[in-house]
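Since the structure comes first, as structure tokens, the remarks are kept for the end.
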Amino acid sequence: MRWRRPVSDRRPLAVVAAAVLAVALAGCGIAKDPLGVTLGDASSAASSAALALEQHDDGRLTKAAAATMVDDARTELATAGKQLAELSTSGEQTAVQRDALDVLARSVQHVHEASADLGSSRARDLIDRLRADADDLERLEQAAVDAR
Amino acid sequence: MTDLPQHPDRNGRLVDANLHLLDRQVLDRDDRPILAAGDLELEQSDEGRWHIVRVILGSGLTARFFGAHRPASTRDTLDWDIITDLGAAISTDVDRDDVDALWTERWWRDHVIVKIPGGQHDPG
Amino acid sequence: MILGDILSRPVECGGERIGVVVDARFVLRDADRPGRAPADLVGLLVGQHTGMAFLGYERSSVARPHLLNRWLAYRQRDCFLVDIDDVAHLGEVVELRADFDRWSPMLPE
Amino acid sequence: MKRIFGVALGILTAIGGFVDIGDLVTNAVVGSRFGLSLAWVVVVGVIGISLFAHMSGKVTALSGRATFDIIRERLGPRAALANLTGSLAMTLLTLMAEIGGVALALQLLTGIVPVVYILPVAVLLWLILWRVKFSILENVAGLMGLLLIAFVIALFQLGPDWGELGRQVAQDLPSTGENGLTYAFYAVALFGAAMTPYEVFFFSSGAAEDHWTSRDLWLSRVNVSVGFPLGGLLSIAIAGCAAVVMLPAGIGVSSLSQVVAPVGVALGIAGLIVVVVGVLAATSGAAIETALSCGYAIAQFAGWPWGKRLRPSQAPQFHAVLLGVIVISCLVMLSGIDPVVVTEFSVVFSAVALPLTYFPILVVANDPQYVGEHTNGPILNFLAMIYLVIVMVAALAAVPLMVLTKMGA
């Protein structure tokens, strides 16, 4: 079989390798602010849990679907919490990070309660608390971006 | 490139190996697939003319990666004279059950597929 | 001889590199049933690249799509057919006789 | 009468079959972050897949050779092997995502954690491919997939501000604080989701198996030009629902539950169950198609007998590959990896692998040796060349964008 790679074919490989390298290097500069992204995810998760509770309470989502949605939100919040804790920030962002850790801890607790007793009478109360958490997290997200 | 003269020997159908022959699917008498045509084996006739004597079966998947050849004895081949047509695929006048190059397929059939219940059923 | 051994091989004439073996041209004496008659080796097609040569655009009348065809034809602009009798030696390097002729690579339609 | 039924069935299965986990997730994610400002990408993708599927159906109908048989022949074994590896890796990744998608849909119906369903789904998938009569299989999944129309009904039910949606479609750059790079990344991901290569492997292999001839070409044209665009409409409806419900609530979609939630909001529990069954059917149908496509790719490349209509004993290696890829996918998904993450990677790598199969098919669709006098007309070629450029740009941009935006974070 004719398997030897003639010299003329090797040139394109070198070009591709160089291009990929250049892109990777450029990658570090433009990425979005990690603190802002983490807080955005957390805020999204909190309002997602609130939506699930509300729609289930209104009888528009089955228990299975609502429970899944709350469970997904809990996973996303847990991940955001871990990322937030591990994040090294500087300047005013550190203050934002500290506040965010408290709000996040509170919203994890709320989501935990939500998934524990989905149909409970406290549902309305939990929805408002989760919506408040989401707003706080969104405010902190904006603060983090401004403080960059 | 196009201003070069036409080669005189043209009584017959002109066929380029890479373009019309190599890596084409070889079919048996009933158009059932055998294997891909991987290479060609040439021999010199008494007057010294090179001509194709055998098609070597095998695709890139099972080919040797480092240019080495399998010893001639174990090479899966089909004789040139059983070829009936060269189209999008290479048609031949042989029954695939007689082609011993398909021993790997038979191994999979006899040692794996037939062992699983339902292996012979006709899905229709 | 295994055809695969000479495909992609460098081609030289008097020590000077001419190109690489891109393909091999055969003539089927019996067009209706190829197997019934010998398929004689007419010669070797020599070009500069083996990479994209397989697409065979440059050697057949497939004219479309135009843009693609022009680029592929460009890559093979100096491809030619050399008669097997003009080949002095077939091996790691394909050596041509000094006075070898260049024939058109185009396939008649 | 039977002819019309055949045509209708073809179109319906094309619609149901068009949407898979990649379309569901990517459209919802994009809808929840960019509204409908990326809808044009779905239109571009649908035209592309229609063109690509038609060309490969035509080549197969006229030459009797399916996609990977042609690719091996046209590019020679060495380049074709690299091509096979790339396309196979992408199809295998999609198979994993589809199996995960089925498990997620079952979680939405039953509330049980998806990883529990991975093994039973994989075993059932293999059993279906081993035993079930294929024509039933293909039509049931395709028809049930039509239940996804619930997204369209939900969008109307939500009574959105059509003016606002219209403005989102028209406006090119995002207003929601997303930067241009993320926008570009999701454009490529959406394009990869709409123009999935495995659908073409499946489509062209089906043409070969059903022994299509030039007389069937009009059927292929109808299937493709009606079925796929309507499938594209479903995709846009998925994005629309997310844009109307999730975007204002500040929820960035990252799970299947959030993809279907808007239908619950709009149509209540009945609508929700219908759409989840639709998702189950679409992902199951896609799992069957991707598993088969892995088998087709390897068997056609190697020249082995292949096909869903042959007895397993007549195509032993083909069925061995099916078993192998299902086992591999099952093991990977059992690791508990999030199917949505696998899906996002699969659509991006779809975009990367697309030129590998698009380019040879374009070349062969112009080669009289394969298609006789049915070579591409000038308009078709002009369009096909434009898409060659689009496909190459998307493929080259996909990985760098993925790195730059950390998967669109």
Side-chain angles (χ1 to χ4, degrees), chain B residues 15-28 30-39 55-65 67 76 86-91 96-97 99 101-124, chain D residues 59-60 62-66 68-85 126-137 211 297-321 323 364 367 369-372:
Chain B
V15 152
D16 288 358
N18 268 333
L19 192 50
H20 301 113
L21 258 166
L22 288 181
D23 308 312
R24 295 247 163 152
Q25 176 71 52
V26 179
L27 304 175
D28 80 346
D30 310 319
D31 281 350
R32 291 179 303 173
I34 296 178
L35 276 174
D39 213 327
V55 172
I56 301 172
L57 297 171
S59 68
L61 196 66
T62 54
R64 288 72 54 198
F65 272 89
D76 302 324
L86 290 182
I90 300 174
S91 309
R96 76 191 306 278
D97 300 335
V99 174
L102 296 177
W103 58 273
T104 37
E105 176 185 325
R106 293 184 188 108
W107 183 89
W108 278 99
R109 181 190 63 203
D110 302 336
H111 292 83
V112 178
I113 300 297
V114 169
K115 294 272 191 305
I116 305 172
Q120 312 262 29
H121 84 286
D122 178 359
Chain D
V59 164
T60 300
L62 294 166
S63 70
R65 316 294 349 131
F68 265 90
D69 185 353
I70 291 168
I71 286 173
R72 181 202 61 243
E73 198 283 320
R74 258 313 73 166
L75 298 183
R78 186 157 39 100
L81 195 58
N83 189 318
L84 171 72
T85 316
W126 175 72
L127 260 179
I128 288 174
L129 292 171
W130 183 256
R131 287 293 302 192
V132 174
K133 194 170 188 322
F134 190 78
S135 45
I136 301 173
L137 182 77
H211 304 302
I298 296 183
Q300 286 164 17
F301 179 90
W304 300 330
W306 54 270
K308 43 194 190 288
R309 283 191 171 56
L310 292 176
R311 297 169 193 271
S313 50
Q314 291 169 316
Q317 295 132 310
F318 172 69
H319 275 275
V321 167
L323 187 61
V364 171
D367 188 338
Q369 243 185 83
Y370 281 81
V371 291

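Note that this is a predicted model, so its numbers are computed, not measured.
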Heavy-atom contact with chain B under 4.5 Å, split by part of [X]:
X        : value
D/Leu310 : backbone
D/Arg131 : both
D/Ala80  : neither

- Between B/His121 and D/Trp130, is there a donor-acceptor pair closer than 3.5 Å when you use the side chain of the first and the backbone of the second?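 Present.
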
- Item | Donor-acceptor under 3.5 Å (D/Arg65 side chain, D/Ile71 main chain) |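 Pair absent, no side-chain N/O of D/Arg65 close to backbone of D/Ile71.
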
So what's closer than 4.5 Å to chain D heavy atoms on [X]: side chain, backbone, both or neither?
X        : value
B/Arg96  : side chain
B/Arg32  : neither
B/Ile116 : both

- Message: Taking CH2 in B/Trp108 as the centre, count heavy atoms belonging to other residues, nucleotides or ligands within less than 6.0 Å. Is the count above 12?
- Response: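 No.
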
- Item | Heavy-atom pair with the smallest gap, counting every atom of D/Ile70 and D/Ser63 |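 Looks like CD1-OG, 4.4 Å.
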
- Inspect the contact between B/Asp110 and B/Arg106 and indicate whether a charged nitrogen and a carboxylate oxygen are less than 4.0 angstrom apart.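 So B/Arg106 does not pair with B/Asp110 through a salt bridge.
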
